[in-house]
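Model, not experiment: these values are computed from the prediction. When a ligand or atom number is given, it counts from 1 through the structure's own listing order.
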Amino acid sequence: MAIRRNKITVVGAGFTGATTALMLAQKELGDVVLVDIPQLENPTKGKALDMMESTPVQGIDSKIIGTSNYEDTKDSSVVIITAGIARKPGMSRDDLVNTNAGIVKSVCENIKATSPDAYVIILSNPVDAMTFVAYQSLGFPKNRVIGQSGVLDTARYCTFIAEELNVSTEDVRGFVLGGHGDDMVPLVRYSNVGGIPIEKLIPADRIEAIVQRTRVGGGEIVNLLGNGSAYYAPAASLVQMTEAILKDKKRILPVIALLEGEYGYNNLFMGVPVILGGDGIERIFELELSAEEKEALQKSANSVRGVIAIVNGGNTGA
Ligand SMILES: NC(=O)C1=CN([C@@H]2O[C@H](COP(=O)(O)OP(=O)(O)OC[C@H]3O[C@@H](n4cnc5c(N)ncnc54)[C@H](O)[C@@H]3O)[C@@H](O)[C@H]2O)C=CC1
Ligand SMILES: O=C([O-])CC(=O)C(=O)O
């Protein structure tokens, strides 16, 4: 049988979607289908054509098309959902919940019909609740419905640690647990630089400042941009997750997964470290947490449940 390239669909051709499409093509992870609403079909085709015309210069062979027709996305291996509105200064991610829930639901109905075997990665905010909406709308098994927050939050955290120590970002390891909001839980005890615990290298007050900056890292960019939210680091995070799945890399990454007893939570979508590979979320790692870390995670979980309740008729879980 002839070997075919993977088809990767990116729904939403705005800042994050278009950037993600280009980065996916640059890594030649597959052919990319960029989808937006019918009213924006021409600009979507235009963005895709512009990217396609960069391929001879970049020396890459991925094809990129723009469309508003889900038939073009048929049998995608991975679908990335970036469709929805983004926040502006003064807004929280949770302010987007009602608008984006409707959008994510309608997108998922189309995906379910055209790519029933896809692995679906959700970016639209508030992303923990939107991953729940996607899970309900798609009816796919839990290993194939994956939310993006922890890769980005961890990238911010590691950037700030590397800056603090003036070392390569490559040598910084750590991760962020919990919901994608200001209560997220960067895990200091599990963070190191070249194997050396950060607590041995950075004074406690500076670590606390890094943790706080990470928690509001999205807001920092929103305030600087003035009219939208981050997209380069979010796109890079989506590409890392897509690559982990398509190449069956079995990366250990923090992603939003359905918890069924892990960390003491049931029927809740929240960020936890997992093995991400050819079968999506292949395993969730449950770490031993201190009393303080458990309390911080509980606060984050309560925030996520509050937002899920808004889109789930007052019920707080899946
Ligand atoms: N989870 C995370 O870590 C992050 C989440 N986000 C979220 O991702 C979402 C997208 O952000 P941006 O790309 O910056 O926004 P954007 O406004 O630049 O792009 C969103 C695109 O979605 C499209 N869209 C709306 N309804 C659609 C539908 N039914 N079908 C297809 N496309 C549709 C819009 O026309 C627009 O082109 C926002 O909700 C934002 O908050 C952004 C960055 C990080
Ligand atoms: O802050 C936002 O609204 C977008 C986002 O989730 C992030 O950049 O972390």
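Residues Ser62 and Thr55 approach most closely at O-CG2, 3.9 Å, considering heavy atoms. Between Pro126 and Val97 the shortest heavy-atom distance is CD-CA, 3.6 Å. When all heavy atoms of Ala101 and Val133 are compared, the closest pair comes out as O-CG1, 3.8 Å.
Between Thr169 and Glu163, the closest side-chain pair of non-hydrogen atoms is not below 4.5 Å.
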Ligand 1: which protein N/O atoms lie under 3.5 Å from its N/O atoms?
from	atom 1	to	atom 2	distance (Å)
ligand 1	1 (N)	Leu123	O	2.9
ligand 1	1 (N)	Gln148	O	3.0
ligand 1	3 (O)	Gln148	NE2	2.9
ligand 1	3 (O)	His180	NE2	3.2
ligand 1	6 (N)	Asn125	ND2	3.4
ligand 1	13 (O)	Phe15	N	3.4
ligand 1	13 (O)	Thr16	N	2.9
ligand 1	13 (O)	Thr16	OG1	2.6
ligand 1	18 (O)	Phe15	N	2.8
ligand 1	22 (O)	Gly84	N	3.3
ligand 1	35 (O)	Asp36	OD1	2.7
ligand 1	35 (O)	Asp36	OD2	3.4
ligand 1	37 (O)	Asp36	OD2	2.6
ligand 1	39 (O)	Ile85	O	2.7
ligand 1	39 (O)	Asn100	ND2	3.2
ligand 1	39 (O)	Asn125	N	3.2
ligand 1	41 (O)	Asn125	ND2	2.9

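Leu177 and Val307 fall within the same hydrophobic cluster, defined by Ile, Leu, Val, Met, Phe, Trp and Tyr side-chain heavy atoms under 4.5 Å apart, directly or through other members. Residues Val32 and Phe15 do not share a hydrophobic cluster, clusters being chains of Ile/Leu/Val/Met/Phe/Trp/Tyr side chains in contact below 4.5 Å. In terms of hydrophobic clustering, with Ile, Leu, Val, Met, Phe, Trp and Tyr side chains grouped at heavy-atom distances under 4.5 Å, Tyr157 and Leu152 are assigned to different clusters.
For ligand 2, the 4.0 Å heavy-atom shell takes in Arg87, Arg93, Asn125, Leu152, Arg156, His180, Gly218, Val222, Ser229, Ala230, ordered by chain and residue number.
A side-chain N or O of Tyr119 and one of Asp279 form a donor-acceptor pair less than 3.5 Å apart.
Note that CD1 of Ile122 is 4.5 Å distant from OG1 of Thr131, once rounded to the nearest 0.5 Å.
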